[in-house]
Number of protein chains: 2
Amino acid sequence: MKEVKSAFNVSCKNCGLQKVCFPTGLRREDVDRLDDIVDRRSPLKKGQHLFEASDKFSALFAIRAGVIKLYSFTDGGEEIVHGFYLPGDVLGIDALGSKQHQYSAVALDTTSVCTLPFEKFTELTESIPNLNQQMLNAISKEVLDGRMHSELLIRRNADQRVAQFVWNMSERYRNRGYASDEFRLSILHRDVAVYLGLTPETVSRILAKFHAENIVTWKKKEVMIHDMQRLMHIAGVHSSCDSCKATA
Amino acid sequence: MKEVKSAFNVSCKNCGLQKVCFPTGLRREDVDRLDDIVDRRSPLKKGQHLFEASDKFSALFAIRAGVIKLYSFTDGGEEIVHGFYLPGDVLGIDALGSKQHQYSAVALDTTSVCTLPFEKFTELTESIPNLNQQMLNAISKEVLDGRMHSELLIRRNADQRVAQFVWNMSERYRNRGYASDEFRLSILHRDVAVYLGLTPETVSRILAKFHAENIVTWKKKEVMIHDMQRLMHIAGVHSSCDSCKATA
DNA sequence: GCATTAACTTGATTTATATCAAGTAGTTAA
DNA sequence: TTAACTACTTGATATAAATCAAGTTAATGC
(Lines give C-alpha, C1' and ligand atoms only; values in the text may rest on other atoms or scores of the structure.)
Protein backbone atom coordinates (compact mmCIF):
# COMPACT_ATOMS: atom_id res chain seq x y z
CA MET A 1 0.00 0.00 0.00
CA LYS A 2 2.74 2.42 0.92
CA GLU A 3 4.84 3.97 -1.78
CA VAL A 4 8.52 4.70 -1.64
CA LYS A 5 9.02 8.04 0.03
CA SER A 6 11.28 10.51 -1.75
CA ALA A 7 12.26 14.05 -0.82
CA PHE A 8 8.83 15.43 -1.67
CA ASN A 9 7.14 12.35 -0.39
CA VAL A 10 7.58 12.59 3.37
CA SER A 11 5.27 10.64 5.66
CA CYS A 12 3.10 12.51 8.19
CA LYS A 13 5.16 11.32 11.14
CA ASN A 14 8.33 12.74 9.62
CA CYS A 15 6.67 15.97 8.50
CA GLY A 16 7.59 19.24 10.19
CA LEU A 17 4.06 20.53 9.81
CA GLN A 18 2.43 18.12 12.24
CA LYS A 19 1.63 20.93 14.63
CA VAL A 20 -0.32 22.97 12.11
CA CYS A 21 -1.79 20.15 10.03
CA PHE A 22 -4.20 17.28 10.66
CA PRO A 23 -1.87 15.14 12.81
CA THR A 24 -2.13 17.67 15.67
CA GLY A 25 -3.16 15.86 18.82
CA LEU A 26 -3.31 12.43 17.19
CA ARG A 27 -1.73 9.33 18.69
CA ARG A 28 1.31 7.89 16.88
CA GLU A 29 -0.55 4.89 15.56
CA ASP A 30 -3.36 7.10 14.31
CA VAL A 31 -0.89 9.31 12.47
CA ASP A 32 0.28 6.17 10.68
CA ARG A 33 -3.27 5.27 9.72
CA LEU A 34 -3.78 8.79 8.38
CA ASP A 35 -0.50 8.52 6.54
CA ASP A 36 -1.67 5.36 4.81
CA ILE A 37 -4.51 7.11 3.01
CA VAL A 38 -2.47 10.17 1.99
CA ASP A 39 -1.66 10.35 -1.69
CA ARG A 40 1.52 12.30 -2.46
CA ARG A 41 2.12 13.02 -6.12
CA SER A 42 5.04 14.90 -7.61
CA PRO A 43 4.99 18.61 -6.82
CA LEU A 44 3.06 21.09 -8.90
CA LYS A 45 5.16 23.47 -10.92
CA LYS A 46 4.49 27.17 -10.84
CA GLY A 47 1.33 27.87 -12.82
CA GLN A 48 -0.06 24.31 -12.57
CA HIS A 49 -3.51 23.87 -11.13
CA LEU A 50 -4.41 21.73 -8.15
CA PHE A 51 -8.01 21.96 -9.28
CA GLU A 52 -10.15 24.27 -11.33
CA ALA A 53 -13.63 25.67 -10.90
CA SER A 54 -16.25 23.04 -11.84
CA ASP A 55 -13.84 20.14 -11.21
CA LYS A 56 -15.36 17.30 -9.26
CA PHE A 57 -14.44 17.26 -5.57
CA SER A 58 -13.06 13.99 -4.27
CA ALA A 59 -10.34 14.93 -1.81
CA LEU A 60 -9.13 17.51 0.63
CA PHE A 61 -5.66 18.90 0.05
CA ALA A 62 -3.06 19.79 2.66
CA ILE A 63 -0.17 21.95 1.47
CA ARG A 64 3.26 20.58 2.31
CA ALA A 65 5.47 23.20 0.66
CA GLY A 66 4.93 26.16 -1.64
CA VAL A 67 1.95 28.48 -2.09
CA ILE A 68 -1.46 28.02 -3.67
CA LYS A 69 -3.66 30.88 -4.82
CA LEU A 70 -7.42 30.31 -4.70
CA TYR A 71 -9.22 32.47 -7.24
CA SER A 72 -12.16 32.90 -9.56
CA PHE A 73 -13.56 35.42 -12.02
CA THR A 74 -16.56 37.71 -11.83
CA ASP A 75 -19.17 37.59 -14.58
CA GLY A 76 -17.35 40.58 -16.01
CA GLY A 77 -14.12 38.61 -16.26
CA GLU A 78 -12.27 40.35 -13.42
CA GLU A 79 -10.19 38.12 -11.20
CA ILE A 80 -11.05 37.65 -7.54
CA VAL A 81 -8.36 36.27 -5.23
CA HIS A 82 -9.86 34.55 -2.20
CA GLY A 83 -6.72 33.56 -0.40
CA PHE A 84 -3.22 32.18 -0.36
CA TYR A 85 -2.61 28.74 1.16
CA LEU A 86 0.69 27.98 2.86
CA PRO A 87 2.20 24.72 4.19
CA GLY A 88 -0.18 23.13 6.69
CA ASP A 89 -3.26 24.83 5.26
CA VAL A 90 -6.19 22.78 4.00
CA LEU A 91 -7.94 23.34 0.69
CA GLY A 92 -11.28 22.05 -0.56
CA ILE A 93 -13.65 22.59 2.34
CA ASP A 94 -15.92 24.83 0.28
CA ALA A 95 -16.72 21.92 -2.03
CA LEU A 96 -17.85 19.53 0.73
CA GLY A 97 -21.51 20.30 0.03
CA SER A 98 -21.78 20.33 -3.74
CA LYS A 99 -18.86 17.91 -4.33
CA GLN A 100 -17.75 20.32 -7.01
CA HIS A 101 -15.10 23.03 -6.80
CA GLN A 102 -16.28 26.59 -7.38
CA TYR A 103 -12.86 28.19 -7.38
CA SER A 104 -9.56 27.45 -9.02
CA ALA A 105 -6.37 26.65 -7.12
CA VAL A 106 -3.06 27.38 -8.81
CA ALA A 107 0.53 26.95 -7.61
CA LEU A 108 2.47 30.22 -7.41
CA ASP A 109 5.71 28.34 -6.97
CA THR A 110 6.80 24.71 -6.89
CA THR A 111 4.25 23.25 -4.50
CA SER A 112 3.87 19.86 -2.80
CA VAL A 113 0.45 18.76 -1.76
CA CYS A 114 -0.88 15.88 0.33
CA THR A 115 -4.11 14.55 -1.11
CA LEU A 116 -6.63 13.13 1.37
CA PRO A 117 -9.28 11.12 -0.52
CA PHE A 118 -12.43 12.29 1.17
CA GLU A 119 -14.23 8.97 1.53
CA LYS A 120 -11.27 7.28 3.14
CA PHE A 121 -10.72 10.33 5.29
CA THR A 122 -14.33 10.28 6.47
CA GLU A 123 -14.00 6.61 7.41
CA LEU A 124 -10.91 7.42 9.46
CA THR A 125 -12.65 10.24 11.35
CA GLU A 126 -15.14 7.67 12.60
CA SER A 127 -12.43 5.73 14.41
CA ILE A 128 -10.02 8.56 15.27
CA PRO A 129 -12.01 11.00 17.41
CA ASN A 130 -9.31 13.65 17.45
CA LEU A 131 -9.17 13.65 13.68
CA ASN A 132 -12.76 14.74 13.62
CA GLN A 133 -11.87 17.65 15.86
CA GLN A 134 -9.03 18.54 13.50
CA MET A 135 -11.51 18.61 10.67
CA LEU A 136 -13.79 20.90 12.67
CA ASN A 137 -10.79 23.17 13.32
CA ALA A 138 -10.02 23.35 9.62
CA ILE A 139 -13.66 24.17 8.88
CA SER A 140 -13.83 26.97 11.44
CA LYS A 141 -10.54 28.33 10.24
CA GLU A 142 -11.84 28.56 6.70
CA VAL A 143 -14.95 30.42 7.82
CA LEU A 144 -13.09 32.75 10.18
CA ASP A 145 -10.42 33.53 7.60
CA GLY A 146 -13.13 34.59 5.19
CA ARG A 147 -14.56 36.90 7.84
CA MET A 148 -11.13 38.39 8.51
CA HIS A 149 -10.86 39.09 4.81
CA SER A 150 -14.23 40.86 4.76
CA GLU A 151 -13.29 42.84 7.83
CA LEU A 152 -10.08 43.97 6.15
CA LEU A 153 -11.98 45.03 3.06
CA ILE A 154 -14.66 46.91 4.99
CA ARG A 155 -12.73 48.67 7.67
CA ARG A 156 -9.13 49.17 6.56
CA ASN A 157 -7.59 51.77 4.30
CA ALA A 158 -4.94 50.86 1.75
CA ASP A 159 -1.96 51.32 4.11
CA GLN A 160 -3.58 49.18 6.78
CA ARG A 161 -4.48 46.45 4.29
CA VAL A 162 -0.96 46.11 2.96
CA ALA A 163 0.55 46.25 6.43
CA GLN A 164 -1.89 43.65 7.72
CA PHE A 165 -1.18 41.39 4.77
CA VAL A 166 2.58 41.47 5.31
CA TRP A 167 2.23 41.03 9.05
CA ASN A 168 -0.20 38.17 8.60
CA MET A 169 2.18 36.35 6.25
CA SER A 170 4.97 36.88 8.74
CA GLU A 171 2.86 35.44 11.57
CA ARG A 172 1.90 32.45 9.50
CA TYR A 173 5.51 31.67 8.71
CA ARG A 174 6.39 32.15 12.37
CA ASN A 175 3.70 29.66 13.40
CA ARG A 176 5.20 27.16 11.00
CA GLY A 177 8.62 27.54 12.52
CA TYR A 178 10.19 29.76 9.89
CA ALA A 179 11.78 33.19 10.29
CA SER A 180 9.09 35.83 10.60
CA ASP A 181 11.15 38.90 9.75
CA GLU A 182 12.72 37.65 6.56
CA PHE A 183 11.09 35.23 4.17
CA ARG A 184 10.51 34.43 0.55
CA LEU A 185 7.04 35.28 -0.73
CA SER A 186 6.23 33.96 -4.18
CA ILE A 187 3.17 36.11 -4.56
CA LEU A 188 2.94 38.78 -7.25
CA HIS A 189 2.16 42.27 -6.06
CA ARG A 190 -0.62 42.16 -8.59
CA ASP A 191 -2.21 39.17 -6.83
CA VAL A 192 -1.86 40.86 -3.47
CA ALA A 193 -3.55 43.95 -4.89
CA VAL A 194 -6.50 41.89 -6.15
CA TYR A 195 -6.76 40.06 -2.83
CA LEU A 196 -6.76 43.34 -0.91
CA GLY A 197 -9.25 45.03 -3.23
CA LEU A 198 -6.65 47.57 -4.39
CA THR A 199 -4.86 48.33 -7.65
CA PRO A 200 -1.27 47.25 -8.31
CA GLU A 201 -0.32 50.93 -8.49
CA THR A 202 -1.60 51.57 -4.98
CA VAL A 203 0.20 48.53 -3.57
CA SER A 204 3.39 49.60 -5.30
CA ARG A 205 3.18 53.11 -3.86
CA ILE A 206 2.54 51.83 -0.36
CA LEU A 207 5.41 49.34 -0.52
CA ALA A 208 7.66 52.15 -1.76
CA LYS A 209 6.59 54.23 1.24
CA PHE A 210 7.13 51.36 3.70
CA HIS A 211 10.58 50.84 2.21
CA ALA A 212 11.46 54.55 2.43
CA GLU A 213 10.31 54.61 6.06
CA ASN A 214 12.37 51.52 6.78
CA ILE A 215 9.41 49.45 7.92
CA VAL A 216 9.28 46.69 5.30
CA THR A 217 11.21 45.90 2.13
CA TRP A 218 9.61 43.58 -0.40
CA LYS A 219 11.69 43.28 -3.51
CA LYS A 220 12.08 40.35 -5.85
CA LYS A 221 9.98 37.96 -3.78
CA GLU A 222 12.06 38.60 -0.65
CA VAL A 223 10.28 40.21 2.28
CA MET A 224 12.27 41.86 5.07
CA ILE A 225 10.50 43.35 8.04
CA HIS A 226 12.73 46.01 9.61
CA ASP A 227 10.30 47.39 12.17
CA MET A 228 7.72 44.86 13.34
CA GLN A 229 6.24 47.20 15.93
CA ARG A 230 5.48 49.92 13.44
CA LEU A 231 4.16 47.37 10.95
CA MET A 232 1.77 46.00 13.55
CA HIS A 233 0.76 49.49 14.52
CA ILE A 234 -0.12 50.44 10.95
CA ALA A 235 -1.87 47.09 10.48
CA GLY A 236 -4.01 47.92 13.50
CA VAL A 237 -2.90 44.81 15.35
CA HIS A 238 -3.10 45.60 19.03
CA SER A 239 -1.50 43.08 21.36
CA SER A 240 0.00 39.89 19.98
CA CYS A 241 -3.48 38.56 19.35
CA ASP A 242 -3.43 34.82 18.72
CA SER A 243 -6.77 34.67 17.02
CA CYS A 244 -5.39 36.87 14.27
CA LYS A 245 -3.25 34.04 12.92
CA ALA A 246 -5.58 33.72 9.99
CA THR A 247 -5.10 32.43 6.49
CA ALA A 248 -4.86 35.33 4.10
CA MET B 1 -38.93 13.77 26.19
CA LYS B 2 -41.03 15.81 23.82
CA GLU B 3 -42.51 19.07 24.99
CA VAL B 4 -45.92 20.42 24.16
CA LYS B 5 -45.70 22.22 20.83
CA SER B 6 -47.11 25.73 20.71
CA ALA B 7 -47.23 28.20 17.84
CA PHE B 8 -43.52 28.91 18.03
CA ASN B 9 -42.73 25.34 18.90
CA VAL B 10 -43.39 23.42 15.70
CA SER B 11 -41.79 20.02 15.16
CA CYS B 12 -39.45 19.51 12.20
CA LYS B 13 -41.95 17.36 10.33
CA ASN B 14 -44.57 20.12 10.48
CA CYS B 15 -42.09 22.88 9.68
CA GLY B 16 -42.35 24.67 6.35
CA LEU B 17 -38.59 25.05 6.18
CA GLN B 18 -37.79 21.37 5.70
CA LYS B 19 -36.54 22.01 2.19
CA VAL B 20 -33.95 24.60 3.21
CA CYS B 21 -33.03 23.23 6.65
CA PHE B 22 -31.43 20.06 7.98
CA PRO B 23 -34.37 17.69 7.31
CA THR B 24 -33.75 17.96 3.54
CA GLY B 25 -33.43 14.47 2.09
CA LEU B 26 -33.97 12.70 5.42
CA ARG B 27 -36.35 9.80 5.87
CA ARG B 28 -39.50 10.46 7.93
CA GLU B 29 -38.31 8.45 10.89
CA ASP B 30 -34.96 10.22 10.85
CA VAL B 31 -36.69 13.60 10.89
CA ASP B 32 -38.43 12.46 14.06
CA ARG B 33 -35.12 11.48 15.63
CA LEU B 34 -33.69 14.87 14.72
CA ASP B 35 -36.78 16.50 16.12
CA ASP B 36 -36.26 14.77 19.45
CA ILE B 37 -32.96 16.49 20.11
CA VAL B 38 -34.13 19.96 19.02
CA ASP B 39 -34.58 22.41 21.84
CA ARG B 40 -37.13 25.13 21.08
CA ARG B 41 -37.24 27.94 23.60
CA SER B 42 -39.51 30.97 23.49
CA PRO B 43 -38.64 33.41 20.71
CA LEU B 44 -36.02 36.07 21.12
CA LYS B 45 -37.33 39.60 21.22
CA LYS B 46 -35.78 42.27 19.06
CA GLY B 47 -32.42 43.21 20.52
CA GLN B 48 -31.94 39.97 22.46
CA HIS B 49 -28.81 37.96 21.81
CA LEU B 50 -28.70 34.35 20.70
CA PHE B 51 -25.05 34.34 21.76
CA GLU B 52 -22.27 36.82 22.27
CA ALA B 53 -18.59 36.82 21.38
CA SER B 54 -16.62 34.68 23.87
CA ASP B 55 -19.70 32.63 24.84
CA LYS B 56 -19.07 28.93 25.01
CA PHE B 57 -20.25 26.98 21.98
CA SER B 58 -22.47 24.02 22.70
CA ALA B 59 -25.07 23.98 19.96
CA LEU B 60 -25.81 24.87 16.38
CA PHE B 61 -28.80 27.10 15.77
CA ALA B 62 -31.31 26.91 12.95
CA ILE B 63 -33.49 29.98 12.45
CA ARG B 64 -37.21 29.25 12.29
CA ALA B 65 -38.59 32.76 11.96
CA GLY B 66 -37.20 36.28 12.14
CA VAL B 67 -33.73 37.63 11.41
CA ILE B 68 -30.40 37.36 13.21
CA LYS B 69 -27.49 39.74 12.65
CA LEU B 70 -24.00 38.33 13.17
CA TYR B 71 -21.55 41.06 14.12
CA SER B 72 -18.40 42.03 15.99
CA PHE B 73 -16.26 45.08 16.63
CA THR B 74 -12.83 46.06 15.38
CA ASP B 75 -10.11 46.91 17.87
CA GLY B 76 -11.04 50.52 17.17
CA GLY B 77 -14.63 49.89 18.27
CA GLU B 78 -16.22 50.04 14.82
CA GLU B 79 -18.95 47.53 14.15
CA ILE B 80 -18.52 44.83 11.51
CA VAL B 81 -21.63 43.07 10.22
CA HIS B 82 -20.82 39.62 8.88
CA GLY B 83 -24.24 38.54 7.75
CA PHE B 84 -27.97 38.28 8.24
CA TYR B 85 -29.51 34.87 8.93
CA LEU B 86 -33.01 34.07 7.75
CA PRO B 87 -35.35 31.13 8.45
CA GLY B 88 -33.63 27.87 7.52
CA ASP B 89 -30.13 29.29 7.94
CA VAL B 90 -27.67 27.72 10.36
CA LEU B 91 -25.59 29.66 12.88
CA GLY B 92 -22.57 28.59 14.89
CA ILE B 93 -20.37 26.76 12.39
CA ASP B 94 -17.47 29.16 12.95
CA ALA B 95 -17.21 28.03 16.58
CA LEU B 96 -16.90 24.30 15.81
CA GLY B 97 -13.14 24.43 16.21
CA SER B 98 -12.56 26.56 19.28
CA LYS B 99 -15.91 25.71 20.93
CA GLN B 100 -16.20 29.41 21.62
CA HIS B 101 -18.13 32.04 19.68
CA GLN B 102 -16.10 34.86 18.19
CA TYR B 103 -19.03 36.93 16.99
CA SER B 104 -22.28 38.08 18.50
CA ALA B 105 -25.69 37.13 17.17
CA VAL B 106 -28.60 39.46 17.86
CA ALA B 107 -32.27 39.28 16.87
CA LEU B 108 -33.37 42.18 14.66
CA ASP B 109 -37.00 41.24 15.14
CA THR B 110 -38.92 38.64 17.09
CA THR B 111 -36.99 35.49 16.19
CA SER B 112 -37.59 31.78 16.82
CA VAL B 113 -34.59 29.51 16.86
CA CYS B 114 -34.18 25.73 16.92
CA THR B 115 -31.25 24.77 19.12
CA LEU B 116 -29.34 21.62 18.13
CA PRO B 117 -27.11 20.51 21.02
CA PHE B 118 -23.90 19.70 19.23
CA GLU B 119 -22.98 16.46 20.99
CA LYS B 120 -26.38 14.94 20.43
CA PHE B 121 -26.35 16.21 16.87
CA THR B 122 -22.96 14.60 16.22
CA GLU B 123 -24.23 11.28 17.55
CA LEU B 124 -27.17 11.47 15.18
CA THR B 125 -24.98 12.17 12.15
CA GLU B 126 -23.30 8.84 12.80
CA SER B 127 -26.51 6.93 12.28
CA ILE B 128 -28.24 9.21 9.75
CA PRO B 129 -25.91 9.40 6.73
CA ASN B 130 -27.89 12.10 4.96
CA LEU B 131 -27.72 14.31 8.02
CA ASN B 132 -23.97 14.34 7.72
CA GLN B 133 -24.32 15.52 4.13
CA GLN B 134 -26.68 18.25 5.32
CA MET B 135 -24.03 19.35 7.77
CA LEU B 136 -21.44 19.46 4.99
CA ASN B 137 -23.85 21.54 2.92
CA ALA B 138 -24.26 24.00 5.77
CA ILE B 139 -20.48 24.22 6.18
CA SER B 140 -19.84 24.86 2.50
CA LYS B 141 -22.62 27.41 2.42
CA GLU B 142 -21.03 29.32 5.27
CA VAL B 143 -17.66 29.39 3.52
CA LEU B 144 -19.09 30.28 0.12
CA ASP B 145 -21.29 33.02 1.56
CA GLY B 146 -18.22 34.59 3.09
CA ARG B 147 -16.48 34.52 -0.28
CA MET B 148 -19.51 36.12 -1.96
CA HIS B 149 -19.32 38.87 0.64
CA SER B 150 -15.63 39.49 -0.08
CA GLU B 151 -16.30 39.48 -3.80
CA LEU B 152 -19.01 42.09 -3.34
CA LEU B 153 -16.68 44.26 -1.28
CA ILE B 154 -13.79 43.97 -3.73
CA ARG B 155 -15.45 44.25 -7.08
CA ARG B 156 -18.71 46.14 -6.76
CA ASN B 157 -19.42 49.85 -6.53
CA ALA B 158 -22.02 51.23 -4.15
CA ASP B 159 -24.97 50.93 -6.54
CA GLN B 160 -24.12 47.35 -7.36
CA ARG B 161 -23.70 46.43 -3.70
CA VAL B 162 -27.08 47.78 -2.69
CA ALA B 163 -28.79 46.23 -5.71
CA GLN B 164 -27.14 42.89 -5.07
CA PHE B 165 -28.14 42.99 -1.42
CA VAL B 166 -31.80 43.64 -2.20
CA TRP B 167 -31.87 41.04 -4.96
CA ASN B 168 -30.15 38.49 -2.75
CA MET B 169 -32.70 38.99 0.03
CA SER B 170 -35.47 38.63 -2.51
CA GLU B 171 -33.99 35.38 -3.82
CA ARG B 172 -33.63 33.99 -0.33
CA TYR B 173 -37.25 34.72 0.47
CA ARG B 174 -38.27 33.17 -2.82
CA ASN B 175 -36.32 30.00 -2.01
CA ARG B 176 -38.19 29.80 1.25
CA GLY B 177 -41.54 30.01 -0.46
CA TYR B 178 -42.32 33.65 0.26
CA ALA B 179 -43.07 36.47 -2.16
CA SER B 180 -39.86 37.72 -3.72
CA ASP B 181 -41.06 41.09 -4.99
CA GLU B 182 -42.65 42.34 -1.79
CA PHE B 183 -41.44 41.45 1.68
CA ARG B 184 -40.80 42.78 5.13
CA LEU B 185 -37.13 43.35 5.96
CA SER B 186 -36.39 44.13 9.59
CA ILE B 187 -32.88 45.30 8.89
CA LEU B 188 -31.82 48.87 9.55
CA HIS B 189 -30.32 50.72 6.62
CA ARG B 190 -27.45 51.45 8.95
CA ASP B 191 -26.77 47.71 9.37
CA VAL B 192 -26.97 47.17 5.63
CA ALA B 193 -24.48 50.00 5.14
CA VAL B 194 -22.03 48.41 7.58
CA TYR B 195 -22.47 45.01 5.96
CA LEU B 196 -21.83 46.47 2.51
CA GLY B 197 -18.84 48.53 3.61
CA LEU B 198 -20.66 51.80 2.89
CA THR B 199 -21.98 54.69 4.96
CA PRO B 200 -25.67 55.09 5.83
CA GLU B 201 -25.70 58.29 3.78
CA THR B 202 -24.57 56.47 0.67
CA VAL B 203 -27.15 53.71 1.12
CA SER B 204 -29.85 56.29 1.66
CA ARG B 205 -28.92 58.17 -1.52
CA ILE B 206 -28.87 54.98 -3.56
CA LEU B 207 -32.23 53.81 -2.23
CA ALA B 208 -33.66 57.25 -3.02
CA LYS B 209 -32.36 56.89 -6.56
CA PHE B 210 -33.73 53.35 -6.97
CA HIS B 211 -37.08 54.63 -5.71
CA ALA B 212 -37.06 57.60 -8.10
CA GLU B 213 -36.21 55.28 -10.99
CA ASN B 214 -39.00 52.93 -9.96
CA ILE B 215 -36.72 49.95 -9.45
CA VAL B 216 -37.06 49.30 -5.73
CA THR B 217 -38.86 50.96 -2.85
CA TRP B 218 -37.66 50.24 0.68
CA LYS B 219 -39.53 52.31 3.22
CA LYS B 220 -40.43 51.47 6.78
CA LYS B 221 -39.10 47.89 6.64
CA GLU B 222 -41.19 47.09 3.57
CA VAL B 223 -39.33 46.23 0.39
CA MET B 224 -41.08 46.38 -2.98
CA ILE B 225 -39.24 45.40 -6.13
CA HIS B 226 -40.87 47.09 -9.10
CA ASP B 227 -38.40 46.11 -11.79
CA MET B 228 -36.59 42.85 -11.07
CA GLN B 229 -34.79 42.83 -14.43
CA ARG B 230 -33.23 46.21 -13.90
CA LEU B 231 -32.37 45.36 -10.31
CA MET B 232 -30.58 42.21 -11.44
CA HIS B 233 -28.84 44.14 -14.17
CA ILE B 234 -27.49 46.73 -11.74
CA ALA B 235 -26.55 43.97 -9.28
CA GLY B 236 -24.52 42.37 -12.05
CA VAL B 237 -26.48 39.13 -11.86
CA HIS B 238 -26.39 37.57 -15.29
CA SER B 239 -28.74 34.66 -15.83
CA SER B 240 -30.81 33.29 -12.97
CA CYS B 241 -27.68 31.81 -11.45
CA ASP B 242 -28.57 29.30 -8.76
CA SER B 243 -25.21 29.36 -7.06
CA CYS B 244 -25.84 33.01 -6.22
CA LYS B 245 -28.46 32.08 -3.66
CA ALA B 246 -26.05 32.92 -0.91
CA THR B 247 -26.60 34.07 2.63
CA ALA B 248 -25.98 37.79 2.84
C1' DG C 1 -50.03 61.37 23.75
C1' DC C 2 -46.00 63.74 24.20
C1' DA C 3 -41.07 64.04 24.77
C1' DT C 4 -36.88 62.19 23.64
C1' DT C 5 -33.94 59.68 20.99
C1' DA C 6 -32.55 57.16 17.02
C1' DA C 7 -32.93 56.55 12.11
C1' DC C 8 -32.93 58.42 7.93
C1' DT C 9 -32.45 62.21 4.27
C1' DT C 10 -30.29 65.69 1.52
C1' DG C 11 -26.69 68.93 0.34
C1' DA C 12 -21.81 70.84 0.22
C1' DT C 13 -17.15 69.62 0.52
C1' DT C 14 -13.14 66.74 0.99
C1' DT C 15 -10.23 62.91 0.15
C1' DA C 16 -8.44 58.39 -0.71
C1' DT C 17 -7.77 55.65 -4.27
C1' DA C 18 -8.70 54.56 -9.12
C1' DT C 19 -7.57 55.62 -13.60
C1' DC C 20 -4.70 57.05 -17.24
C1' DA C 21 -0.13 57.43 -18.97
C1' DA C 22 4.57 56.60 -19.82
C1' DG C 23 8.18 54.91 -18.28
C1' DT C 24 11.89 51.08 -16.13
C1' DA C 25 13.18 46.66 -14.51
C1' DG C 26 12.81 41.87 -14.53
C1' DT C 27 11.59 37.46 -16.61
C1' DT C 28 10.99 34.17 -20.32
C1' DA C 29 11.77 32.14 -24.52
C1' DA C 30 14.10 31.84 -29.02
C1' DT D 1 22.20 37.35 -26.05
C1' DT D 2 18.66 39.53 -27.59
C1' DA D 3 13.77 40.19 -28.23
C1' DA D 4 9.33 40.33 -26.36
C1' DC D 5 6.52 40.33 -22.76
C1' DT D 6 5.06 40.93 -18.10
C1' DA D 7 5.59 43.03 -13.69
C1' DC D 8 6.42 46.92 -11.40
C1' DT D 9 7.10 52.13 -10.67
C1' DT D 10 5.99 56.94 -10.57
C1' DG D 11 3.41 61.01 -11.75
C1' DA D 12 -0.83 63.72 -13.11
C1' DT D 13 -5.67 63.74 -13.00
C1' DA D 14 -10.41 62.18 -12.16
C1' DT D 15 -13.96 60.42 -9.32
C1' DA D 16 -16.75 57.70 -6.18
C1' DA D 17 -17.83 57.69 -1.81
C1' DA D 18 -16.66 59.55 2.84
C1' DT D 19 -17.20 63.20 5.79
C1' DC D 20 -19.38 67.11 7.77
C1' DA D 21 -23.61 69.46 8.59
C1' DA D 22 -28.31 70.41 9.34
C1' DG D 23 -32.35 69.05 8.64
C1' DT D 24 -36.87 65.61 8.78
C1' DT D 25 -39.20 61.53 10.00
C1' DA D 26 -39.97 57.53 12.72
C1' DA D 27 -39.61 54.80 16.89
C1' DT D 28 -39.43 54.38 21.85
C1' DG D 29 -40.35 55.18 26.55
C1' DC D 30 -42.77 57.60 30.10
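Naming convention: chains lettered A, B, ... in sequence-line order (proteins, then strands); numbering from 1 in each chain.
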Quiz item: What are the residues of residues 66-81 of chain A, sorted by number, that bring a heavy atom to within less than 4.0 Å of DNA chain D?
Solution: none

Self-check item: Contact interval (first through last nucleotide) of DNA chain D with protein chain B, 4.0 Å heavy-atom
Solution: dA17(D) to dT28(D)

Quiz prompt | Tyr195(B)/Phe84(B) under side chain to side chain contact (heavy atoms under 4.5 Å, CB included): CA gap, chis, key distance, verdict | solution = CA-CA 9 Å; Tyr195(B) 174 72; Phe84(B) 303 100; 3.8 Å; yes

Practice problem: Could you check how far CG of Asp159(A) sits from P of dT15(C), rounded to whole Å? | Solution: 16 Å

Exercise. Between dC8(C), dT19(C), dT17(C), spot the one nearest the side chain of Ser204(B), thanks.
Key: dC8(C)

Self-check item: Arg147(B) CZ to Asp145(A) CG distance, which is reported to the nearest 0.5 Å
Solution: 9.5 Å

Quiz prompt | Validation row: Gln48(A), Val106(A) side chains within 4.5 angstrom (heavy atoms) | solution = no

Quiz item: Do Tyr103(B) and Phe51(B) make the cut of ring centroids closer than 6.0 angstrom?
Solution: no

Quiz item: At under 4.0 Å between heavy atoms, what does Lys221(A) touch on the DNA or RNA strands: base, sugar-phosphate, or nothing?
Solution: nothing

Practice problem: Using heavy atoms to find the nearest nucleotide of DNA chain D for Lys46(B) and Thr199(B) separately, return the residue whose nucleotide is more 5′. | Solution: Thr199(B)

Exercise. Using whole Å, report how far CG of Leu188(A) lies from C1' of dG26(C).
Key: 12 Å

Exercise. Quick one: sort the Tyr173(A) and Phe183(A) rings into parallel, tilted or perpendicular, breaks at 30° and 60°.
Key: tilted

Quiz prompt | Distance-only donor-acceptor check, side chains Asp39(B) and Thr115(B), under 3.5 Å | solution = no

Quiz prompt | Derivation of the ring-ring contact (aromatic ring centres under 6.0 Å, His included) call for Tyr71(B) and His82(B) | solution = CA-CA 5 Å; Tyr71(B) 71 101; His82(B) 295 279; 8.9 Å; no

Quiz item: Does Arg190(B) get its side chain close enough to the base of dT9(C), under 3.5 Å, for a donor-acceptor pair?
Solution: no

Exercise. Verify the neighbour count for atom NE2 of His49(A): are there more than 12 heavy atoms of other residues, nucleotides or ligands below 6.0 Å?
Key: yes

Practice problem: Please work out whether the ring planes of His189(A) and Trp218(A) are parallel, tilted or perpendicular, with thresholds of 30° and 60°. | Solution: perpendicular

Exercise. With DNA chain C as reference, determine whether Lys220(A) or Thr202(A) sits nearer its 5' end, using the nearest nucleotide of each.
Key: Thr202(A)

Practice problem: Assign Gly47(A) to base, sugar-phosphate, or nothing according to its heavy-atom contacts below 4.0 angstrom with the strands shown. | Solution: nothing

